[in-house]
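On a predicted model such as this, the values are computed, not experimentally measured, just so you know. Below, all heavy atoms of this structure are taken into account, side chains as well, without hydrogens, waters or symmetry copies. Residues: numbered from 1 along the sequence shown.
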Amino acid sequence: EVDDSEEVPLVQLPSLAIEKVDNTGTFDEVGDVISYTITVTNDGNVTLTNVVVTDPNAPDIDCSAELGQQATIPSLAPGASVVCSASHTITQDDLDAGHYLNTACADDGEGGAEEVCDDEDTPGEQNPELSIDKSAAEPDYDEVGDVIHYTIVVTNTGNVTLHDVVVTDPEISDLDCEPDLPVASLAPGASFTCTATHTIVQEDLDLGFFDNTACADDGNGNGETGAAPVCDDAVVFGEEVEVITPLPTLPPTDSNGGGSSGPMSSWWLLLAILGGVLATVVVLTPARGRRRT
């Protein structure tokens with residue numbers, strides 16, 4: 001009996017592939033959750049062991065369907081795949097950035113396959129928006145020197161942080177805001193308050209009302225994250241003043257204590273009635289006309 005053998009070398013090709021998919025699509029507020037599916041595949045020709053799946057920004061990797069919630073795959077045969085899930089909860093920084101980039105990787109350590117990674121960039125829906133409310137403490141005025149006190153409240157009603165927010169009020173010289181303008185950073189839902197005054201002049205009395213407008217805008221008004229300017233006005237009307245002249249007195253009676261008689265007394269009585277009607281003058285401030293724009 002004779003034997004002969006031939007040893008044929010096998011070329012080993014350890015290799016991994018990874019695919020990360022965003023199941024959410026987009027986000028628009030803090031607390032939104034992006035869910036991911038991560039598929040790791042052995043696309044080589046040898047069994048790989050201790051394959052570790054990592055995703056630093058999604059710490060809740062779950063491969064429970066195959067691995068009992070382990071992040072390490074003990075054994076992965078050629079052509080086999082493992083599907084894991086992960087998630088990320090949106091923060092204000094993510095909204096301010098306008099997107100969230102997340103990367104997952106798979107590696108078998110010293111097993112021979114090169115580390116592979118795949119990322120997913122989820123866009124955020126930014127909504128930069130400001131609101132402004134201007135109110136006057138005084139309901140009206142009636143003389144030169146009266147002072148109208150204003151309160152102006154500016155609020156970030158959008159979902160991104162706004163920067164360099166300013167308030168303008170051209171007809172006011174003592175605008176005072178806390179914090180000082182421009183407001184460097186205004187988070188969503190945050191507000192700041194300004195105060196101002198106006199002293200009534202004769203022109204305001206002649207016009208019959210004083211209309212004052214304040215506006216707010218951020219420094220990126222024309223940028224990708226800029227809010228559109230917003231304005232609000234406060235109209236204070238002049239108080240109506242009524243002046244009534246007294247009725248004319250009737251002619252004195254005769255010396256005998258009786259009333260005046262004859263044609264002349266009738267004439268004076270008629271004049272007194274007509275004069276009383278015509279002499280009653282009501283002086284009013286100008287009608288409340290259209291506001292100045």
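Side-chain contact between Thr157 and Leu130 is absent, with no heavy atoms from C-beta onward closer than 4.5 Å. In this structure, Asp119 and Leu101 have side chains that are in contact, with non-hydrogen atoms separated by less than 4.5 Å. Using a 4.5 Å cut-off on side-chain heavy atoms (C-beta onward), Val167 and Leu181 make contact. Using a 4.5 Å heavy-atom cutoff, the side chains of Tyr36 and Val21 are not in contact. Leu16 is listed as a side-chain neighbour of Val40, based on a closest heavy-atom distance under 4.5 Å. Using a 4.5 Å heavy-atom cutoff, the side chains of Thr155 and Ser131 are in contact. In this structure, the side chains of Leu76 and Thr47 stay at 4.5 Å or more apart for every pair of heavy atoms. Here the side chains of Lys20 and Asn102 are in contact, with some heavy-atom distance below 4.5 Å.
Put simply, the side chain of Gln12 never gets that close to the backbone of Asn45: no donor and acceptor are under 3.5 Å apart. Put simply, the side chain of Asp232 never gets that close to the backbone of Val153: no donor and acceptor are under 3.5 Å apart. Looking only at distances, no side-chain donor or acceptor of Asp204 sits under 3.5 Å from a matching main-chain atom of Ile200. Under a 3.5 Å cut-off, the side chain of Ser185 and the backbone N or O of His163 do not form any donor-acceptor pair. Here the side chain of Asp218 pairs no donor or acceptor atom with the backbone of Leu162 at under 3.5 angstrom. Of the possible donor and acceptor atoms, one in the side chain of Thr24 sits under 3.5 Å from a partner among the backbone N and O of Ser35. Side chain of Asn42 to backbone of Val46: a donor-acceptor contact under 3.5 angstrom is found. Panel note: side chain Asp108, backbone Ala113; a donor-acceptor pair is recorded below 3.5 Å.
Side-chain atoms of Thr72 and Asn50 form no donor-acceptor pair, as typed in the model, at a separation below 3.5 Å. Using modelled atom types, one finds a donor on one side chain and an acceptor on the other under 3.5 Å when comparing Asn23 with Thr37. Side-chain contact of His88 with Asp55: a donor-acceptor pair under 3.5 Å is absent, judged by distance alone. Between Glu19 and Thr39, the side chains place no donor N or O within less than 3.5 Å of an acceptor N or O (distance only, hydrogens not considered).
Residues Val52 and Val82 fall into different hydrophobic clusters, defined by Ile, Leu, Val, Met, Phe, Trp and Tyr side chains chained together at heavy-atom separations under 4.5 Å.
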Q.
Go through it in stages, so that I can follow the logic: the residues are Asn127 and Val160, the test is side chain to side chain contact (heavy atoms under 4.5 Å, CB included), and I'd like the CA-CA distance, side-chain angles, deciding distance and then a yes or no.
A. CA-CA 7 Å; Asn127 178 35; Val160 294; over 6 Å; no

Q: Take Ile34 and Ile90 through the side chain to side chain contact (heavy atoms under 4.5 Å, CB included) test and state the conclusion after the steps.
A: CA-CA 7 Å; Ile34 304 174; Ile90 293 301; 3.6 Å; yes

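The minimum heavy-atom distance linking Gly226 with Pro128 is given by the pair O-CG, 3.3 Å. Asp180 and Cys177 make their closest contact through OD1-O, 3.5 Å (heavy atoms, listed as atom of the first residue, atom of the second, distance). Across all non-hydrogen atoms, the minimal contact from Asp174 to Ala196 is OD1-CA, 3.7 Å.
Ring pair His198/Phe210: centre-to-centre distance below 6.0 Å.
The environment of CD in Gln202 is crowded: more than 12 heavy-atom neighbours from other residues, nucleotides or ligands sit within 6.0 Å.
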